[in-house]
Amino acid sequence: VFALSPVDATALPAPSARSLQSFEALKNMLDGRASNSAVDRLSYARDMWPLALLWIRQQKCPPPPDVVVWPTSEEEIVNIIQLARQQKLPVIPFGAGSGVCGGTWALRGGISLDLKKLDSISSVDPVSQTVTVGSGVMGETLERRLNAGGYTLGHFPSSIYTSTVGGWLAARSAGQLSSRYGKIEDMVVSARVVLGTGERAQSEVFSNNGPSQLPLWLGSEGTLCVFTQVCLRVFPKAEAQVFRAFEMKSVEVGLEAIRLMFREGLRPAVVRLYDPFDSALASNSHSKPEAESPAAMTRWALTKLRRHMAPHTLGHPVILNRLQKAFSKSRLILMFEGEPERSNDEEKAARAVCLQLGAVDLGQAPGKVWLKKRYDVSYRMSTIIDAGAFADAMEVAAPWSKVLAVYSAVRKAAAPFAFVLCHFSHAYVEGCSLYFSFLGAASNERESEVRYHRLWTHALSAALAAGGNVSHHHGVGIHKAEAFQRSLGAARPVLQALKRRCDPDGILNPHKLGLE
Amino acid sequence: MKALFPTSVREWIEAQQFVSSLGLDERARALVCNDRLLLIQNLDLESMTVDVGSGVLLSALEKFLNEHDLSLGPLSPEAFQLKLGDFLEGPLAGLRSVPMGRVEPISARLLVVTHEGYSFETSRAPRSAAGPDLNALFLASHGAYGRIIEATVRVFPKPQSRDVMRFTADDRVVALSQLRRAISLGAYLARIDFVPQVKGVDFDVVVQGSSAQVAREARMLSRLLTARAETHNTGPLGETIGPEREVGWAEMADPQRWSGHRIGLGKILMSRANPSPEHKR
């Protein structure tokens, strides 16, 4: 950890001697597209892991890379990796830096490999309905290009404006419409990579030819390979979107409704069930209620509170979390899209499921509002950090029979350290993802960081013990590396063997996923 | 040939150790078989999963599931003749089609024993972003890195209803293009049978599920495809003739009669098929 001013990058540690020896070679190899300037190294030192944001607030910086390079082709990446192998320099693949787990932190310095210049986008093959893109293409650019031709990828992560296709693959990303279109791993037809050996490889499309390497590369977070090119499946752009929201009697009833919908073969593009407290905050009750029922009054008070949430409020999460007991109703937002008649058909069937479970129909408005503001929440984090508090999100997945146990266990484990909200999304026939939002604060920066770490240790352990997994779509990085390794159990040697095969010198993104 | 039939992970590891201790010649003639890994347990009706030993025949598993109003879903005829382990480890890779033109393994969690003699299991979570999917080392691997002892199998509700609809097109290219569009818009097809005609092509499409689900699929297909005059429940389909092989849609422009299962947007499991009684007439 290095002390520095947010505007003064000169306090960074000097680049390593080995990187300095290689710097000229890199520059020559890349026609000058290499830099070891303090500003560039500082820019690539962090991703969006909230811990980094806490550090920056304290004028500390995560360890920076020694060099940043901008290759434009697969061949240049091969050359960089070969040089890195000779010089024993770490190579950290870098997309757009929107990860939230420290996946691009340069823990041992080395070369930050910015892939954004691999930005080719082929035209859509109308027969196979696929598009082939460079791994550095930005998500929003790709979607816009596809839309112009009447297609969509169907992948809308919150980070779409600040993430690349290669980053999606490296961290097994999920978009907001995943319940219909799938996670990124469902969209990849094939991929080209450069391994840590410098070898190039391409995944097989058909299973006739033996095991597929693709699922081993996906989610490897730059520890096994560097993605260079990807062939993705695309869909016709939706002709219609049909919204419907419901107030469910409880979280339990809301989850049952989702489970029944998927069991019945319905595929809402959006399915989001907010827990009671999150529902209350989302209900936008700005004016004081006329009927002064305790729940209505508390909801109104909370709405006011939300606007004034400050470190001193979040510093007492136990009280805030206890307030949640005043609420029971959960809001469910559904959106169906695609062919108009089919969307209407499915919405009608979903509505029947919800009404049968005693839901109150809230109409289309909440869904439309959600769609309009769906990317906003990610950008609110900085205001919370600026206010002296911390915010983070933990997303795990569990089978339906364990979802409620995970929900209760994590809330209980996290309650002493942060204000806890949760929503359920990314549903499947056999389970769903639980997305916990944590808001916390402490009397000073040091205590804040201690509290942050204790929160995560307790919350993630509770999720695993109750039957959840380590991550549904944020990945592992260094943040969850220890929990991930623990969750692997006896499979650890298998992953290590895979690492040795793909990256025998251990140069690719060291320490991520807990791999040396 | 010396065959060993372990009934548990522990026995499997011991059997492997025993085989390893044999001389080279004897080892070549020794086999550890999954035939007695027959446990079906932990049926989770909420999560729609069940833990199944790799020696269980999929036809037997389907029968067991049917008794609980569940099903493996639309697998190909060849798959139903296999043991679970062979389906997962063999060329069919344990794959099944799911809505939106996707293809995914029927297994969530795998319990495996590696050749080095240690066992581990993967996660039961429906999806993950926690590192690489280690299941991929064992699916379609023909046992190259280890053997599957047990799998948590994802199941569907037993179909209450089934509809066979007959459509027609001027030529195969048009038919294929229409079908792919329907799938990419959400149509979930259990089987397609192509029947060449003197002029153009007929194709039977099978949809199954709850009554409401089948009605939804039928309405959608009627909007997107050109129906023959007699469209519904056209009678039994022709018997498929193996072997099944996974191909791209372009290969389905084959002029012969074929049947398609495991229907994904990118690929399809294809086998030859005899004409249905209806088409024979």
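Letters A, B, ... mirror the listed sequences (proteins, then strands); counts begin at 1. The figures that follow rest on heavy atoms only: side chains count, while hydrogens, waters and symmetry mates do not.
Of all the listed residues (V189(A), L218(A), V494(A), L513(A)), the one sharing the greatest number of non-hydrogen pairs under 4.5 Å with chain B is V494(A). Of the listed residues (S212(A), G338(A), G182(A)), the one with the most heavy-atom contacts under 4.5 Å to chain B is G182(A). Options G431(A), A398(A), S401(A) differ in how many heavy-atom pairs under 4.5 Å they form with chain B, and the most are formed by S401(A). If you tally non-hydrogen atom pairs under 4.5 Å between each of T223(A), V476(A), I184(A) and chain B, the highest count goes to V476(A). Most heavy-atom pairs under 4.5 Å with chain B: of the set V429(A), L495(A), V470(A), this distinction falls to V429(A). Between chain A and the options G209(B), G186(B), A187(B), heavy-atom pairs under 4.5 Å are most frequent for G186(B). By number of non-hydrogen pairs under 4.5 angstrom with chain B, the leading residue of R263(A), H473(A), E221(A) is R263(A).
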Pair F484(A)-H479(A), ring pair (Phe, Tyr, Trp, His ring centres under 6.0 Å): steps then yes or no | CA-CA 10 Å; F484(A) 169 62; H479(A) 186 22; over 10 Å; no

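At a 4.5 Å heavy-atom cutoff, the contact between R154(B) and chain A is made by side-chain atoms alone. Interface residue R233(A): only side-chain heavy atoms are found under 4.5 Å from chain B. At a 4.5 Å heavy-atom cutoff, the contact between V247(B) and chain A is made by backbone atoms alone. Contact annotation for R180(A): both backbone and side-chain heavy atoms come within less than 4.5 Å of a heavy atom of chain B. With a threshold of 4.5 angstrom between heavy atoms, S177(B) does not approach chain A through any atom at all. Contact annotation for E395(A): neither backbone nor side-chain heavy atoms come within less than 4.5 Å of a heavy atom of chain B. Of the two parts of L134(B), the backbone and the side chain both hold a non-hydrogen atom closer than 4.5 Å to a non-hydrogen atom of chain A. Of the atoms belonging to T49(B), it is side-chain heavy atoms, and not backbone ones, that fall under 4.5 Å from chain A. Both the backbone and the side chain of E217(B) have a heavy atom closer than 4.5 Å to some heavy atom of chain A. Only the side chain of R262(B) has a heavy atom closer than 4.5 Å to any heavy atom of chain A. Contact of V103(B) with chain A is not made at all, since no heavy-atom distance falls under 4.5 Å. For S119(B), the part sitting under 4.5 Å from any heavy atom of chain A is the backbone (N, CA, C, O) and nothing else.
The ring of H155(A) has its center no closer than 6.0 angstrom to the ring center of F235(A).
A donor atom on one side chain and an acceptor atom on the other are found under 3.5 Å apart for E62(B) and S71(B).
Ring orientation note: the planes of H472(A) and Y428(A) are tilted relative to one another, at an angle of 30° to 60°.
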